Amino acid sequence: MAGLEGLLFGVLLFVFGTLLLVNAWAVVDAKLAASAAAREATRSFVEAGSTDRARAEAEAAGRRAFAGYGRTLDRADVRLLEGALARCARVTFEAAYRLPALRVPVLGGLGSGFRVAARHSEVVDPHRSGLPGEGDCAG
């Protein structure tokens, strides 16, 4: 009988270790999704056809990136931190995703969780036509 407790303890450690690894991977995967969403939003913004639609197109591109990673969009947030659609302007977007504190495969997410975020910046093309601003970014 003395060996049965050791076996149960070993199984319990294995289950908790597996849950820990799954949750650690969920954080890494959410960070990758947020990085991709921020990058796609920024790229869409600086390549947009008009100032009026640039922000909406960028946020939609970021949400599509989250959806491509299989993330639920109600937990995703994509927003413009700084910049405008003008030559040589630096544009920065932030994409964030709210993760549960503990994710158990059968039960789902438990706890209020935490926020995983990523930022991406790009400079609008200095030689682009139809935009305000100087054509020389060095000056």
Side-chain angles (χ1 to χ4, degrees):
M1 288 302 274
L4 185 61
E5 294 88 10
L7 183 62
L8 289 175
F9 183 70
V11 169
L12 190 63
L13 277 178
F14 176 75
V15 169
F16 282 125
T18 302
L19 285 176
L20 183 67
L21 286 175
V22 166
N23 286 305
W25 179 250
V27 172
V28 170
D29 190 45
K31 181 68 171 179
L32 291 172
S35 295
R39 182 179 57 250
E40 290 303 315
T42 306
R43 180 153 303 159
S44 178
F45 188 88
V46 300
E47 294 178 356
S50 70
T51 306
D52 300 332
R53 296 186 330 216
R55 189 171 186 163
E57 289 177 6
E59 289 174 357
R63 291 185 153 307
R64 282 192 305 270
F66 272 123
Y69 270 82
R71 298 291 173 176
T72 56
L73 297 181
D74 59 338
R75 294 182 175 187
D77 180 38
V78 179
R79 64 187 173 109
L80 176 66
L81 291 181
E82 68 173 322
L85 191 58
R87 289 185 207 152
C88 296
R90 177 165 294 281
V91 177
T92 304
F93 268 84
E94 180 182 62
Y97 192 80
R98 171 112 358 232
L99 280 175
L102 178 66
R103 182 164 173 79
V104 180
V106 175
L107 302 176
L110 303 172
S112 62
F114 52 95
R115 185 174 180 262
V116 177
R119 293 180 180 178
H120 185 77
S121 293
E122 283 189 25
V123 175
V124 179
D125 186 6
H127 304 294
R128 188 144 164 226
S129 63
L131 295 179
E134 296 294 322
D136 183 19
C137 293

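Residue indices begin at 1 and follow the sequence shown. These figures come from a predicted structure and were not determined experimentally. FYI, side chains are in, hydrogens and waters are out, and symmetry mates aren't considered; it's all heavy atoms of this structure.
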Mind checking side chain to side chain contact (heavy atoms under 4.5 Å, CB included) for [X] and listing every partner two or more places apart, or none if nothing turns up?
{"X": "L20", "answer": "none"}
{"X": "F9", "answer": "L13"}
{"X": "E122", "answer": "T42, R43, V46, H120"}

Checklist entry - Which residues pass the side-chain hydrogen bond (donor to acceptor under 3.5 Å, both in side chains) test with R71, sequence neighbours left out? => result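 side-chain hydrogen bond (donor to acceptor under 3.5 Å, both in side chains) check on R71 returns D29.
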Closest non-hydrogen atom pair between [X] and [Y], with its separation:
{"X": "A41", "Y": "V78", "result": "CB-CG1, 3.8 Å"}
{"X": "F66", "Y": "A96", "result": "CZ-O, 3.6 Å"}
{"X": "L85", "Y": "A54", "result": "CD2-CB, 4.0 Å"}
{"X": "L99", "Y": "A30", "result": "CD1-CB, 3.7 Å"}
{"X": "A38", "Y": "A118", "result": "CB-O, 3.7 Å"}
{"X": "A117", "Y": "K31", "result": "O-NZ, 2.6 Å"}

Checklist entry - Tell me, which pairs form a side chain to side chain donor-acceptor pair (under 3.5 Å) where one or both residues lie in residues 92-102, sequence neighbours left out? => result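 Applying side chain to side chain donor-acceptor pair (under 3.5 Å) to every pair that reaches into residues 92-102, excluding sequence neighbours, yields T72-Y97, R79-E94, E82-T92, T92-S121, E94-R115, E94-R119.
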Item to check | Members besides W25 in its Ile/Leu/Val/Met/Phe/Trp/Tyr cluster (side-chain heavy atoms under 4.5 Å) | outcome: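 Members alongside W25: V28, L32, Y69.
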Item to check | Any donor-acceptor pair under 3.5 Å from R53 side chain to A48 backbone | outcome: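 Between the backbone of A48 and the side chain of R53 there is no qualifying donor-acceptor contact (under 3.5 Å).
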Checklist entry - Salt bridge or not for R55 and E59, using N-O below 4.0 Å? => result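 Yes.
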Item to check | F16 side, atom CZ; L21 side, atom CG - distance, nearest 0.5 Å | outcome: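 Output value for this atom pair is 13.5 Å.
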Checklist entry - In Å and rounded to the nearest 0.5 Å, what is the OG to CD distance from S35 to E40? => result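 Taking OG in S35 and CD in E40, the distance rounds to 11.5 Å.
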